[in-house]
Asks: 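Provided herewith is a single structure, encoded as structure tokens, for subsequent inquiry.
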Amino acid sequence: MSKFFLRKEFWVGASPSALRRLSPLGHQQRLLSSLSFATFDVEEISGSQPAEVHNFVQGKWTKSSNWNTIVDPLNGEPFIKVADVNEMEIKPFVESLSNCPKHGLHNPFKAPERYLLYGDISTKAAHMLSQAKVSDFFARLIQRVSPKSYQQALGEVYVTRKFLENFCGDQVRFLARSFAVPGNHLGQQSHGFRWPYGPVALVTPFNFPLEIPLLQLMGALYMGNKPVLKVDSKVSIVMDQMMRLLHQCGMPVEDVDFINSDGKTMNKLLSEAKPRMTLFTGSSRVAEKLAIDLNGRIKLEDAGFDWKILGPDVNEVDYVAWVCDQDAYACSGQKCSAQSILFMHENWAKSSLTDKMKGLAERRKLEDLTIGPVLTVTTEAMLDHLKSLLEIRGSKLLFGGEALENHSIPKIYGALKPTAVYVPLEEILTEKNFDLVTKEIFGPFQVVTEYKDDQLHMVLDALERMHAHLTAAVVSNNPIFLQEVIGKSVNGTTYAGLRARTTGAPQNHWFGPAGDPRGAGIGTPEAIKLVWSCHREVIYDFGPVPRGWEVPSST
């Protein structure tokens, strides 16, 4: 078995004692008993000591008749058992969701004290995550199931904690702030309220196993909904533990159901329970199917073929190269915001940018998980896509293009060196090549191209023809150039300026697509209100009826 000794990090394969020594918080791991919500020691999970993931429904943790075995992404060893609900076992989940009324668990007229309750729960959960031993527990658990560097994993925990801090105290009730407009006569006023949907569902992916499900889950709860949560089974162990932490922080056990199942079973649950709204984060293909199956009662934060444009002004080449490397290859490119295509102005092409990008990419290594397993695309599939791109006239490999070596990553997952391929802009825009070039590869893979001043309209045409409009970056300090590109594009989270990036979903700004009425956001009050509540208008009309009023003629 290979040993992966991560600088200030860890991985299975080393002995538990060695892992504790490697951990920056190793001595605190011995205090696992103080992590009273946790059901295992992260460092001890292995084939001989597999962890178990359970379901939670109607206020109780439950098992199922089937167990889904999850293998360690780095060595293929079966190390997690997930209680997998089948189609015959969904009745308790259907009943639980169906018992929630359409007006929700709370709303501005019903149980308003629950707004305060969730402010308190957020305070306690944020405090828990601020403790080094707790944040380390979740960061290392994330690493175990969705391998990324310790800094990236800890960053996910940090963003989750800051989000919870943002909704402490009275901030949850402020999400339900209403407004009033004077009416037409004395005694009449119209009031606009944010109203819950009631029974709702969340389906979230593998790549951010804590941040995405937790932020969306809390948003749903803040607004008064009762959610059923399904996380990709490969990583659902993270939310299993987070659910237990939330219960410890005072979350009522009846408020959330947690299910592990395959897609077919979840689809049946949604069809029978008929949630009033479903949030789906994941692939566009599944998103479109769900939109039809659920008759449009859905919000989507789906895939993104994300672009970056480098404008004509060349500055800070080292910094821009580093951001390009982070955008394309952090988390092995498994971010829905990862840089998929880079449009370089010819001035940048003449600089040392691509050489510096190559050097940065080659620093990445499996030992510290700055490059690692790709959980949804095999090595062969990525290499086949590269081969197809290299058949395009004028294309060339800039760097990478080879499988990782000397590892024990199972073949069901991908293992590719950070890769960039150049394709001429004129060839990208042809009918023959466009769909191929703009196919999203959810791994460490990007397309690079070049344009001249008089070809900006061709770049903008490429943006217009793309189908996913999640994140984008316009790297320039030229306000006229920024105005042109931003005014003629649509991506929902767009960074602009010399320090612009495509990745980054902190708690302080909206993250989500634009250009689609089904688009979902995450993180901010605006995102929570858009996704997890609808508008309700109540018109008060108390009178008095005018003195001397008589029944008028029919109209």
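All residue numbers refer to positions in the sequence shown, counting from 1. None of these values were measured; they are calculated from a predicted model.
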Asks: Before you tell me yes or no, could you show the steps for E426 and Q455 under side chain to side chain donor-acceptor pair (under 3.5 Å), namely the whole-Å CA-CA distance, both residues' side-chain angles and the distance that decides it to 0.1 Å?
Replies: CA-CA 10 Å; E426 296 86 349; Q455 292 179 313; 3.1 Å; yes
Asks: Please give me the minimum heavy-atom distance between D232 and P205, naming the atom from each residue.
Replies: CB-C, 3.9 Å
Asks: Take a 6.0 Å sphere around CZ of F193 and say whether it holds more than 12 heavy atoms from other residues, nucleotides or ligands.
Replies: yes
Asks: Identify the heavy atoms of R276 and Y197 that sit nearest to each other, and give their distance.
Replies: CG-O, 3.1 Å
Asks: Compare all side-chain heavy atoms of K488 with those of E464 and state whether any distance is below 4.5 angstrom.
Replies: no
Asks: If we ignore angles and hydrogens, is there a donor and acceptor under 3.5 Å between the side chains of T370 and D368?
Replies: yes
Asks: Check whether any side-chain N or O of S388 sits under 3.5 Å from a backbone N or O of D384 as a donor-acceptor pair, and report yes or no.
Replies: yes
Asks: Does the side chain of H535 come under 3.5 Å of the side chain of E537 through a donor N or O and an acceptor N or O?
Replies: yes
Asks: So, D262 and T265: side-chain donor and acceptor under 3.5 Å apart, yes or no?
Replies: yes
Asks: Are the side chains of L74 and L369 in contact, using a 4.5 Å heavy-atom criterion?
Replies: yes
Asks: At their closest point, which heavy atom of I80 faces which heavy atom of V53, and how far apart are they?
Replies: CG2-CG2, 3.8 Å
Asks: Looking only at atom types and distance, does a side-chain atom of N68 sit under 3.5 Å from a main-chain N or O of V82, one as donor and one as acceptor?
Replies: no
Asks: May I ask you to test the W348-T354 pair for a side-chain heavy-atom distance under 4.5 Å?
Replies: no
Asks: So, taking the atom named CG in L416 and the one named NE2 in H385, what distance separates them when rounded to the nearest 0.5 Å?
Replies: 11.5 Å
Asks: What I want to check is whether the side chains of S122 and Y222 have a donor and an acceptor closer together than 3.5 Å.
Replies: yes
Asks: Is the closest side-chain donor-acceptor distance between E427 and N433 under 3.5 Å?
Replies: yes
Asks: Tell me whether E288 is salt-bridged to R518, with the criterion being a basic N under 4.0 Å from an acidic carboxylate O.
Replies: yes
Asks: Check the surroundings of atom CD in E526: do more than 12 heavy atoms from other residues, nucleotides or ligands lie under 6.0 Å from it?
Replies: yes
Asks: Check whether any side-chain heavy atom of R501 lies under 4.5 Å from a side-chain heavy atom of Q326, and answer yes or no.
Replies: no
Asks: Hey, does the side chain of D327 reach the backbone of T503 with a donor-acceptor pair shorter than 3.5 angstrom?
Replies: yes
Asks: With the side chain counted from C-beta on, respond yes when V228 and P275 share a heavy-atom pair under 4.5 Å apart, and no when they do not.
Replies: no
Asks: Could you pull out the closest heavy-atom pair between I392 and S395, with the gap in Å?
Replies: O-OG, 2.8 Å
Asks: Rounded to the nearest 0.5 Å, what separates atom CE in M344 from atom SG in C324?
Replies: 9.0 Å
Asks: Apply the side-chain contact (heavy atoms from CB on, under 4.5 Å) test between P209 and each candidate in I142, T204, L214; give the one that qualifies.
Replies: I142
Asks: Would you find a donor on one side and an acceptor on the other, under 3.5 Å apart, between the side chain of Q334 and the backbone of P373?
Replies: yes
Asks: Can you list, pair by pair, the side-chain donor-acceptor contacts under 3.5 Å of residues 441-454, counting residues two or more places apart and other chains?
Replies:
residue, atom, partner, partner atom, Å
Q446, OE1, Q339, NE2, 2.8
Q446, NE2, Y329, OH, 3.0
T449, OG1, V423, O, 2.7
T449, OG1, L425, N, 3.1
Y451, OH, L310, O, 2.8
D453, OD1, H345, NE2, 2.6

Asks: Does S352 use its side chain to pair, donor to acceptor, with the backbone of D355 at less than 3.5 Å?
Replies: no
Asks: Do we get K358 above F399's six-membered ring, with its NZ or CZ under 6.0 Å from the centre and within 45° of the axis?
Replies: no
Asks: Could you tell me if Q216 and E301 have a donor-acceptor pair between their side chains, going purely by distance under 3.5 Å?
Replies: no
Asks: Are a donor atom and an acceptor atom from the side chains of D306 and T471 found within less than 3.5 Å of each other?
Replies: yes
Asks: If you count the non-hydrogen atoms of other residues, nucleotides and ligands that lie under 6.0 Å from CZ in R499, is the total more than 12?
Replies: no
Asks: Any donor and acceptor pair, going by atom type alone, linking the side chain of K230 with main-chain N or O of S261 inside 3.5 Å?
Replies: yes
Asks: Which label fits F163 and F167: parallel for a plane angle under 30°, tilted from 30 to 60°, or perpendicular past 60°?
Replies: tilted
Asks: Are any side-chain N or O atoms of S533 and backbone N or O atoms of R194, one a donor and one an acceptor, separated by less than 3.5 Å?
Replies: no
Asks: Using only atom types and a distance under 3.5 Å, with no angle test, would you say the side chain of N347 pairs donor to acceptor with the backbone of D313?
Replies: no
Asks: Working to the nearest 0.5 Å, report the span between CZ of F434 and CE of M466.
Replies: 5.0 Å
Asks: Could E391 and K387 be called an ion pair, given the rule that one side-chain N must be under 4.0 Å from one carboxylate O?
Replies: no
Asks: Quick one, I409 and V374 - any side-chain contact, counting heavy atoms below 4.5 Å?
Replies: no
Asks: For V235 and S146, which heavy atoms make the closest approach, and how far apart are they?
Replies: CG1-CB, 4.2 Å
Asks: Once you round to the nearest 0.5 Å, how far does CG of N166 lie from CG of L215?
Replies: 9.5 Å
Asks: Please tell me if the side chains of V200 and T278 come closer than 4.5 Å, counting only heavy atoms from C-beta onward.
Replies: no
Asks: Once rounded to the nearest 0.5 Å, what's the spacing between atom CD1 of I298 and atom NZ of K289?
Replies: 10.5 Å
Asks: Is the backbone of N207 close enough, under 3.5 Å, to the side chain of K148 for a donor and an acceptor to pair up by distance?
Replies: yes
Asks: Checking the side chain of E272 only, and the main-chain atoms of L269 only, is there a donor and an acceptor separated by less than 3.5 Å?
Replies: no
Asks: Quick check for you: to the nearest 0.5 Å, what is the distance between Y422 atom OH and L398 atom CG?
Replies: 9.0 Å
Asks: State whether the number of non-hydrogen atoms from other residues, nucleotides or ligands found under 6.0 Å of E316 atom CD is greater than 12.
Replies: no
Asks: Among side-chain atoms of N267 and D293, is any donor-acceptor pair under 3.5 angstrom?
Replies: yes
Asks: Evaluate the side-chain proximity of L290 to L270: yes if any heavy-atom separation is below 4.5 Å, no if none is.
Replies: yes
